[in-house]
Colleague: 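Pasting a structure below so you can have a look.
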Amino acid sequence: MGRTDYLDRLNDKQKEAAMHTEGPLLILAGAGSGKTSTMTCRIAYLIREMGVSPYNILAVTFTNKAAGEMRERVADLIGEGVNMWILTFHSACLRILRYHAEVLGYGRDFAVYDPTDQKSVIKGICKDLNIDTKKFNPNYFLSQISKCKEARISPKQYCNEFGYDFKEEMVQSVYEKYEQTLQKNNAMDFDDLLLKTVELFEKDEAVLLKYQNRFQYVMVDEYQDTNMIQYTFVKMLADARDERGNVRNNICVVGDDDQCIYQWRGADIRNILEFEKDFPGAEVVKLEQNYRSSANILAAAHSVIEHNRDRKQKKLWTDAEDGSKIIYQRLDNERDEAYFVAGEINRLSGGRYNDFAVLYRTNAQSRTFEEALSRREIPYRVLGGLRYYDRKEIKDIMCYMRLVQNKADNLALVRIINEPKRGIGGKSIEKLTAQAAGQGKSMFQLLMDPEVLSQFGNKQSMALKEFAELIERYSAEKENMKISDLYDALLVNSGYLKALEDQKTIEAESRIENLMEFKSVIYDYEKDEPDLTLAEFMERIALLADVDNHDTDENAVVLMTLHSAKGLEFPYVFMPGMEDGLFPGWRAFDRPDGLEEERRLCYVGITRAKERLWMTSAETRTIYGKMDYTRESQFLHELDKNLIEGDGIYEKKEKSVAGAFKDGAAESAPYKPFDQLKYAKQQTKQRAAAMEKAKSESFKVGDIVRHPKFGEGKVVECTDKTIRVEFADEARKLALGFAPIEKV
DNA sequence: GACATATCTAAAGCC
DNA sequence: TAGATATGTC
């Protein structure tokens with residue numbers, strides 16, 4: 001094998017990008033054009049061929065999953081144990097801030113507040129300021145504050161920016177108070193992580209210089225989704241000088257302007273459109289060969305995105321066959337739509353479900369699909385909606401741990417001071433809050449003061465004292481305890497577990513199960529990193545997102561929004577709800593380029609599909625309990641009609657759909673609500689058993705196997721979880737234990 | 001302070 | 001429709 005064999009796997013354009021190492025580089029990577037390979041090979045090339053130390057490279061992504069994937073693939077290329085910063089924007093900033101928090105007036109052990117925490121803070125402030133949260137939604141304040149932080153508008157500048165109306169002045173005072181509260185609680189929100197890092201760089205030149213010298217090569221993934229502050233962050237790092245005093249600008253960004261779908265969240269598409277202006281002398285490489293989708297799917301995607309005005313000119317092409325046409329089906333209502341989808345999956349899956357994805361516009365659409373799929377007894381997983389870490393019991397126990405970690409965290413204290421019930425109600429909490437604010441002390445400090453306690457009734461002061469002592473004790477001992485032991489101790493000694501056990505309801509049962517599940521999460525972390533401190537552990541959890549939980553090996557249909565599907569791919573994709581008002585959503589018209597963004601979202605959806613794509617719409621749809629007649633999405637009309645199967649478009653097909661569900665069996669099966677957790681556990685068990693079985697059958701490379709659907713094939717690759725088989729038509733990766741394959 | 005009932009509101013969600 | 005929150009009652 002040659003030294004640069006990994007480069008040989010790239011096409012010419014990819015190679016060009018991977019081997020461009022000095023000076024600014026923009027890689028315009030269309031959907032499915034092998035962007036991750038290109039990036040990882042570039043990193044390998046830097047290290048192996050250019051002699052750059054991994055220490056000097058920074059690669060930032062948006063999701064942990066993307067970061068993890070990149071890290072893994074780089075490790076594959078250059079060997080294990082690479083100590084390199086391949087991180088999300090937020091974790092990179094967090095790491096930096098931990099070292100220098102004092103410069104900004106924060107303690108090193110500052111907490112990271114998630115949106116739920118933020119909302120509690122806002123609510124508290126509204127109460128203080130006598131703002132009626134019925135008239136003014138706390139979410140409004142939050143989104144305004146977030147907008148400000150992304151655009152670096154301080155509370156003082158707020159009214160300059162947005163006007164001096166009554167409303168704006170109110171937002172300003174909430175924003176101001178919000179900042180004070182976080183500072184006092186020694187906490188930062190997600191936006192702060194980025195903002196404060198930039199502020200740190202501005203405030204302390206030595207610190208900036210340190211990181212500029214360290215990160216001589218900066219790479220940014222999904223550049224089209226960066227906001228102003230993220231742009232500033234990378235720009236400042238790239239602004240480093242070399243020995244001769246020239247700006248280094250060794251920055252490589254990868255993105256696709258057609259996939260910018262987060263403008264509503266502050267992403268600034270101009271960052272990518274104007275990269276060449278920002279970084280003079282930038283080289284631009286376009287990756288236009290698509291390795292993912294059939295030609296028809298690609299053409300369909302193109303026919304839609306073409307309707308956008310502001311885009312970089314490029315056109316994806318492929319060597320792949322035309323493949324199937326896109327199937328469009330209009331149905332009576334959203335139930336029929338879901339049954340149609342479930343029926344199609346049932347018809348085609350052959351027991352293999354993780355090839356299928358249902359990608360909808362809004363989370364609310366998931367319900368009907370859950371129902372239809374569970375009637376068919378098709379395993380599925382819903383991503384999004386309620387985050388695992390947003391569950392009450394998990395948040396509660398996390399707050400215990402947070403308080404132990406950072407006693408100034410008043411928010412955590414308020415959340416758990418009466419959880420389990422200790423007889424501490426709103427009045428007592430108000431009293432404490434007021435005194436803490438008055439004396440400039442943390443609420444926890446007050447609880448340790450006998451004089452403060454004496455203001456409360458006998459029963460209450462006992463309870464408060466006990467609570468404070470519990471926290472104090474474990475705060476002192478946390479360094480000497482394993483995280484899992486601390487977790488147990490808090491759960492038991494706080495009485496939290498017992499309170500749940502005493503309830504003896506199904507709901508409490510499931511909460512306990514969740515808590516046990518969480519403990520196994522802790523075990524996993526401890527196993528991987530025995531030296532992990534409590535603080536570090538909490539950080540990992542805080543920065544975890546939902547898509548990070550997507551396990552491609554799990555044999556289940558995936559249900560998620562189009563947004564979370566970005567970056568993923570599936571052989572079979574369903575896009576339901578192709579209706580005006582839903583997709584594109586009505587709100588798209590609130591923003592000037594809203595419709596274009598929706599169209600990009602449609603493009604993202606279509607390009608997730610490798611082999612087949614279904615689109616459906618419902619003639620009537622019930623939203624929020626109200627039934628409405630719908631009109632077919634304008635995107636359907638933009639789609640090249642020659643690529644759509646049959647003549648079903650724009651007219652309802654006669655009941656072929658209902659037929660998919662009229663086999664009786666499914667109809668008579670009672671609907672039972674689907675228990676995610678139970679299912680997950682069952683799956684884990686089944687999977688373990690199935691894998692055992694698969695191991696005992698021990699497939700080897702070269703074996704001839706039979707699949708009821710795909711026929712006979714030869715095993716070409718075998719890992720402990722998956723097996724790759726070359727069938728007559730093509731090679732397929734199958735999940736061991738789930739794929740109905742047998743040795744011949 | 002705890003529990004039951006009435007009322008309100010509703011995208012997308014990286015980190 | 002369903003969930004989260006505000007209000008009322010014991």
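Below, chain A is the first sequence line, B the second, and so on; all start at residue 1. Just so you know, these numbers come straight off a predicted model, no measurement behind them. Side chains included, hydrogens not; waters and symmetry mates left out as well; all remaining heavy atoms used.
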Colleague: Let me know the distance between NZ of A:Lys147 and P of B:dC14, rounded to the nearest Å.
Modeller: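 To the nearest whole Å, that distance equals 19 Å.
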Colleague: All N/O contacts under 3.5 Å from nucleotides 10-12 of chain B to the protein, with atom names and distances to one decimal?
Modeller:
residue, atom, partner, partner atom, Å
B:dA11, OP1, A:Tyr624, OH, 2.8
B:dA11, N3, A:Arg361, NH2, 3.3
B:dA12, OP1, A:Asn363, N, 2.8
B:dA12, O4', A:Arg361, NH2, 3.0
B:dA12, N3, A:Trp264, NE1, 3.3
B:dA12, N3, A:Arg361, NH2, 2.8

Colleague: Nearest whole angstrom, please: distance from the P of B:dC8 to the CG of A:Asn139.
Modeller: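 One finds 18 Å between P of B:dC8 and CG of A:Asn139, rounded.
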Colleague: With sequence neighbours left out, what residues match A:Trp85 under ring-ring contact (aromatic ring centres under 6.0 Å, His included)?
Modeller: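 A:Trp85 satisfies ring-ring contact (aromatic ring centres under 6.0 Å, His included) with A:Phe215 only.
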Colleague: Please determine whether a side-chain nitrogen or oxygen atom of A:Arg367 lies at a distance below 4.0 Å from atom OP1 or OP2 of C:dT1.
Modeller: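 For A:Arg367, the contact criterion (side-chain N or O under 4.0 Å from OP1 or OP2 of C:dT1) is not met.
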Colleague: Which part of the nucleic acid does A:Lys123 contact within heavy-atom distance under 4.0 Å: base, sugar-phosphate only, or nothing?
Modeller: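 A:Lys123: backbone/sugar contact only, no base atoms under 4.0 Å.
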Colleague: Quickly work out the A:Leu142 CG to B:dG13 P distance and round it to whole Å.
Modeller: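 Going from CG in A:Leu142 over to P in B:dG13 covers 17 Å.
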Colleague: Rounded to the Å, how far apart are A:Asp628 CG and C:dT1 C1'?
Modeller: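 To the nearest whole Å, that distance equals 14 Å.
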Colleague: Does A:Phe110 have A:Arg98 sitting over its ring (NZ/CZ under 6.0 Å from centre, angle to axis within 45°)?
Modeller: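 Pair A:Arg98/A:Phe110 counts as cation-pi.
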Colleague: Suppose we screen for ring-ring contact (aromatic ring centres under 6.0 Å, His included). Which residues come up paired with A:Phe635, at least two apart in sequence or across chains?
Modeller: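 So A:Phe635 forms a ring-ring contact (aromatic ring centres under 6.0 Å, His included) with A:Phe583.
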Colleague: Can you tell me the distance, in whole Å, between the CG atom of A:Leu568 and the C1' atom of B:dC14?
Modeller: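 Nearest whole value for this atom pair: 13 Å.
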Colleague: Would you call A:Glu466-A:Arg422 a salt bridge at under 4.0 Å N-O?
Modeller: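 Result for this pair is no, no salt bridge flagged.
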Colleague: Of all residues at least two apart in sequence or in a different chain, which pass the side-chain hydrogen bond (donor to acceptor under 3.5 Å, both in side chains) check with A:Arg631?
Modeller: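 Residues passing side-chain hydrogen bond (donor to acceptor under 3.5 Å, both in side chains) with A:Arg631: A:Asp580.
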Colleague: Once salt bridge (Lys or Arg N to Asp or Glu O under 4.0 Å) is applied, do any residues pair with A:Glu529, and if so which ones, sequence neighbours excluded?
Modeller: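 Salt bridge (Lys or Arg N to Asp or Glu O under 4.0 Å) check on A:Glu529 returns A:Arg540.
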Colleague: Under 3.5 Å, which protein N or O atoms sit close to an N or O of nucleotides 1-6 of chain B? Give each pair with its distance.
Modeller:
residue, atom, partner, partner atom, Å
B:dG1, OP1, A:Gly425, N, 2.9
B:dG1, OP1, A:Ser428, OG, 3.2
B:dA2, OP2, A:Asn418, ND2, 3.3

Colleague: Just the rounded figure in Å: distance from C1' of B:dG13 to OH of A:Tyr113.
Modeller: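 About 21 Å, once rounded to whole Å.
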Colleague: May I ask you to say whether A:Glu222 pairs ionically with A:Lys566, meaning some side-chain N is under 4.0 Å from a carboxylate O?
Modeller: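 Salt bridge between A:Glu222 and A:Lys566, a charged N being under 4.0 Å from a carboxylate O: yes.
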Colleague: Could A:Glu179 and A:Lys149 be called an ion pair, given the rule that one side-chain N must be under 4.0 Å from one carboxylate O?
Modeller: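 Salt bridge present between A:Glu179 and A:Lys149.
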Colleague: For the pair made of CD in A:Glu371 and P in C:dT1, what is the distance, rounded to whole Å?
Modeller: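 Taking atom P of C:dT1 as the reference, CD of A:Glu371 is at 14 Å.
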Colleague: Can you measure A:Gln263 atom CD to B:dC14 atom P for me and round it to whole angstrom units?
Modeller: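 Spelled out: CD on A:Gln263 to P on B:dC14 is 18 Å.
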Colleague: Is the backbone N or O of A:Asp114 less than 3.5 Å from a side-chain atom of A:Asp117, with the two atoms forming a donor-acceptor pair by type?
Modeller: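 Present.
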